[in-house]
J.: 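Please see the structure below; I have some questions.
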Amino acid sequence: MDLQVAPPLGTLRPLASTHHRPKASATAAPSTSSSSSAESLKPRPRLPRQPHQSPVPRPRPSLPALCAAIERHAAAGRHADALDVFRLARAGAPFTPLPLATYHSLVAAAAALRDPGAAAAVAWHMESSGSEMGVYEHNLVLAMYLRCGMLGEARRVFEGMAERNGVTSGVVMGGLVDRGRPRAALAVFREMWAEAGGCGEVARPRAVVVAVRAATAAGSVPAGRQLHCCVVKMGPCDDDGDRYLSCALLDMYSKCGQVDEARRVFDGMAPHQRTIVAWNSMLAGYVLHGRSEEALELYHEMRGSGVDMDQFTFSTMLRVFGRLGLLEHAKQAHAGLIQRGLPLDIVGNTALLDLYCKWGRMEDARNVFERMPKRNLISWNALIAGYGYHGMGDKAIEVFERLIAEGIVPNHVTFLAVLNACRFSGLVDKGKRIFQLMARNPKTKPRAMHHACVIELFGREGLLDEAYLMIRRAPFTPTANMWGALLTASRVHKNMHLAKLAAEQLLAMEPEKINNYVVLLNLYICSGRQDDACKVVETLKRKGLCISNACSWVTIKKKDYRFFFKDSLHPQCAEIYRKLDTLMKEIKEAGYVAEENELLPDIHPDEQNISRAYHSERLAIAFGLISTSPCTPLRITQSHHLCRDCHKIIKFLTKVTKREIVVRDGSRFHHFRLGICSCGDYW
DNA sequence: TTAGGGTTAG
């Protein structure tokens, strides 16, 4: 065999001084030294081969040389190379026992690669070699089997062990956590802790870290706190152990919903112990609990502290920027990542894609998607959902069909995204077809949210009977979302009978949800049932529930400005109203005719009596227009649905001012551009 | 002085 062409050997170094475990190897393998074979493992300069010269066959390297190569590869983390050399050593040679140190390396390599085939081969070789297997070796093999998911083999080793120690328990605990049995792992720890008399050598930091991981996986704060007490009881250990322990505790508190406790652990860490993982975990904790502002603050602190940020930091921060609407920050972070030569991983790319989707920058989102070196279902779902809620239903369906054509199996999130896309774009037939496709597969049986989505789709098209049938035929008790969808539809199409039926059902199901009262109240007023309306108001008073005022926000230079109906609080109030009056004149000249009065479902009736001319969204837009330079797109967020008149006005405004206006109302995004809205007037 | 140890997306 020509060793030069065997891939793993191309990276081998000479046997000389760099051997990481000379003692173990030398004692376990007292075979003859063969420096000439060792020399043959040196990387050789690649010389251009003469066409007429046949390669000179090289001698097979000696066993000690191969063993040394295995150990070196494994120590350097080149696990696949280590196993390749092992295969090479066995190929065509009679069975020869290897030194124990080489077996250690091979077991570690098979475990790291989670390769059951290699694990079986290595274990067989090791057992056949007649080497003396102590607790150390058994622990290693046990860990390897667990990592490779070979549970039967793991049990056989565990049961056959003459001696077990703290490491054995740690290994078993890790295996249990990985197999989704964190409580069983915690039981092992408790046993171990009791045996050690509450502390001592057995409860070493690594075992406690595994136990904390188990508490995290079990979502158990009491178990996590108990472990925290154990850590305090144990007192400080070495720097490395302390670092891992703090990090595991931080993660545990944060994933168990105690993010402030997590922050205390973080603050309690010595600055030199705050590794990038600790910072990232803390950031992730804030993101997990929707505390984006604090994540941003921590990120600034992180930049100031000089920590070397990694891909993980950027991926997490892209989500934060997305939530805070800081597109420029996101772009800068992305540029910084490229500058550092760090590729954006699949998570980061998906976060970026999602961010562009949320900003309605669908072309940018698509570019990110197409350039991703690897995609998964989450990336596909993000893009489909993005097209959907920005009113590009056809594009969403195109991507969905491509996903199916590529043989990817959609899940319930994919279906929700594509059904929502049909809903937002009024694509009834396609929505029906997709719902049927979903129902045909037992693995993707439509859930309540999919039903609610299709009910809305039917409802908005005026197919109220079909919508109501969907509720009656649902194979489970209809949920509040489903009744809510029917309510919206029947209200829009002025079917008061069905609307009241749905509203009453909804109120019975969620008596504390204030919006249900507002909807019912407005319905009673609309249908002239003043007595019933008064009863609703009384109920609200009795329950101490208060309907909050509808408001709109406009974001200008990273700052939010809030407006209420007929607001006069803003210092530039006079200017805003003047601008609004001018704008109204301009759009009237362009053909705008006011829509007839409409009672909004989610606004207090008293507020609706105020002239629509000063709806909060109009004030926010007028302020946005006078506070930004021409061509700057405006972003408005509001607490309530857009009324038909405001929707029409904004369409005209984008035509006369040539501005792009994005409104996120109580249920969706509206992208207004040159007189057209992305919702296609369905909302 | 060694086997078991930490963070992410729809």
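A, B, ... follow the sequence lines: proteins, then strands. Residue 1 opens every chain.
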J.: What's the CD1-C1' distance between A:I378 and B:dA9, to the nearest Å?
T.: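 For the pair A:I378 CD1 and B:dA9 C1', the rounded distance is 5 Å.
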
J.: What is the separation between atom CZ on A:R114 and atom P on B:dG4, rounded to the nearest whole Å?
T.: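 Going from CZ in A:R114 over to P in B:dG4 covers 11 Å.
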
J.: Could you pull out all residues at least two apart from A:D178 that satisfy side chain to side chain donor-acceptor pair (under 3.5 Å)?
T.: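 Partners of A:D178 under the side chain to side chain donor-acceptor pair (under 3.5 Å) test: A:R213.
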
J.: State whether A:D260 and A:R264 are salt-bridged, where the test is any N-O pair (Lys NZ or Arg NE/NH1/NH2 against Asp/Glu carboxylate O) under 4.0 Å.
T.: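 Result for this pair is no, no salt bridge flagged.
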
J.: In whole angstroms, how far is the P atom of B:dT8 from the NZ atom of A:K374?
T.: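 Checked: the NZ to P distance equals 18 Å.
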
J.: Got a sec? Which of residues 156-163 of chain A come in under 4.0 Å of DNA chain B, heavy atoms?
T.: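 Result for residues 156-163 of chain A: none.
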
J.: Pairs of donor and acceptor atoms involving the side chains of residues 219-229 of chain A, under 3.5 Å and at least two apart or interchain, shall be tabulated with distances.
T.:
unit_1: A:S220; atom_1: OG; unit_2: A:A223; atom_2: N; d: 3.1
unit_1: A:R225; atom_1: NH2; unit_2: A:Q258; atom_2: OE1; d: 3.3
unit_1: A:H228; atom_1: ND1; unit_2: A:Y253; atom_2: OH; d: 2.7

J.: Listed in order of residue number, which residues of residues 300-319 of chain A have a non-hydrogen atom at under 4.0 Å from DNA chain B?
T.: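 Close to the strand are A:F312, A:S315, A:R319.
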
J.: Just to be sure I understand the geometry, which residues of residues 170-178 of chain A put a non-hydrogen atom under 4.0 Å away from DNA chain B?
T.: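 A:G170, A:V171, in order of number.
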
J.: Mind running a 4.0 Å heavy-atom check of residues 341-352 of chain A against DNA chain B and sending the residues that fall below it, in number order?
T.: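 Listed by number, they are A:D345, A:V347, A:T350.
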
J.: Do the two ring centres, one from A:F669 and one from A:F424, sit under 6.0 Å apart?
T.: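 No, the ring of A:F669 stays outside the 6.0 Å limit from the ring of A:F424, centre to centre.
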
J.: Which part of the nucleic acid, if any, lies within reach of A:R147 when heavy atoms closer than 4.0 Å are counted: base, sugar-phosphate only, or nothing?
T.: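 Sugar-phosphate contact only.
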
J.: Rounded off to whole Å, could you give me the CH2-to-C1' distance for the A:W279 and B:dT7 pair?
T.: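 Atom CH2 in A:W279 sits about 15 Å away from atom C1' in B:dT7.
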
J.: Between B:dT2, B:dT7, B:dA9, which nucleotide gets closest to the side-chain atoms of A:Y136?
T.: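 When the side chain of A:Y136 is considered, B:dT2 is the closest of B:dT2, B:dT7, B:dA9.
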
J.: Using the rule given for ring-ring contact (aromatic ring centres under 6.0 Å, His included), can you reason through A:F158 versus A:Y145, listing the C-alpha separation, both sets of side-chain angles and the distance that settles it, and then say yes or no?
T.: CA-CA 10 Å; A:F158 181 75; A:Y145 280 142; over 10 Å; no

J.: Within 45° of the ring axis of A:Y244 and under 6.0 Å from its six-membered ring centre, is that where the NZ or CZ of A:R206 lies?
T.: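 Output no; distance or angle outside limits.
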
J.: Take the protein atom OH of A:Y286 and the nucleotide atom P of B:dA9, then report the distance between them rounded to whole Å.
T.: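 A:Y286 atom OH is separated from B:dA9 atom P by 17 Å.
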
J.: Tell me, please, which residues at least two apart from A:K430 pass side chain to side chain donor-acceptor pair (under 3.5 Å).
T.: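 With neighbours one apart ignored, the set is empty.
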
J.: Could you tell me the separation between the NE2 atom of A:H79 and the P atom of B:dA3, rounded to a whole number of Å?
T.: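 Rounded to whole Å, this separation is 12 Å.
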
J.: Please tabulate, one pair per line, all N/O donor-acceptor pairs under 3.5 Å involving side-chain atoms of residues 123-132 of chain A, not counting sequence neighbours.
T.:
unit_1: A:H125; atom_1: ND1; unit_2: A:Y103; atom_2: OH; d: 2.8
unit_1: A:S128; atom_1: OG; unit_2: A:W124; atom_2: O; d: 2.6
unit_1: A:S129; atom_1: OG; unit_2: A:M126; atom_2: O; d: 2.6
unit_1: A:S129; atom_1: OG; unit_2: A:S131; atom_2: N; d: 3.1
unit_1: A:S129; atom_1: OG; unit_2: A:S131; atom_2: OG; d: 2.6

J.: Are a donor atom and an acceptor atom from the side chains of A:T168 and A:N139 found within less than 3.5 Å of each other?
T.: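 On atom types as modelled, these side chains qualify, holding a pair under 3.5 Å.
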
J.: Rounded to whole Å, how long is the line connecting atom CG of A:L146 with atom C1' of B:dA3?
T.: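 Whole-Å distance recorded here is 12 Å.
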
J.: Determine the sole option in A:M317, A:M309, A:E294 for which the side-chain contact (heavy atoms from CB on, under 4.5 Å) test with A:L283 is passed.
T.: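 Passing option: A:M317.
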
J.: Using whole Å, report how far CG of A:N139 lies from P of B:dG5.
T.: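 Roughly 12 Å, once rounded to whole Å.
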
J.: For DNA chain B, determine which residues of residues 239-269 of chain A have any heavy atom closer than 4.0 angstrom to one of its atoms, and list them numerically.
T.: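 Only A:D240, A:G241, A:Y244, A:C247, A:D251, A:K255 qualify.
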
J.: Nearest to the side chain of A:V277 - B:dT8, B:dG6, B:dG5?
T.: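 It is B:dG6.
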
J.: Quick test of your reading of the model: are A:D240 and A:R243 salt-bridged, counting only N-O distances below 4.0 Å?
T.: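 Counted as a salt bridge, because a side-chain N and a carboxylate O are separated by less than 4.0 Å.
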
J.: Salt bridge check: are A:E370 and A:R375 linked by an N-O gap of less than 4.0 Å?
T.: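 Answer for the salt bridge query: yes.
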
J.: Taking ring-ring contact (aromatic ring centres under 6.0 Å, His included) as the definition, give me every residue that meets it alongside A:Y286, ordered by chain and number, with sequence neighbours left out.
T.: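 Listed in chain order: nothing, the list is empty.
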
J.: Distance alone, cut at 3.5 Å: any donor-acceptor contact between the side chains of A:E137 and A:H104?
T.: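 Looking only at side-chain atoms, A:H104 and A:E137 do form a donor-acceptor pair, the distance falling under 3.5 Å.
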
J.: With A:N280, which residues qualify under side chain to side chain donor-acceptor pair (under 3.5 Å), at least two apart?
T.: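 A:N280 satisfies side chain to side chain donor-acceptor pair (under 3.5 Å) with A:D310, A:T313 once adjacent residues are dropped.
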
J.: Would you please name every residue forming a ring-ring contact (aromatic ring centres under 6.0 Å, His included) with A:F369, sequence neighbours left out?
T.: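 Only A:W380 meet the ring-ring contact (aromatic ring centres under 6.0 Å, His included) criterion with A:F369.
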
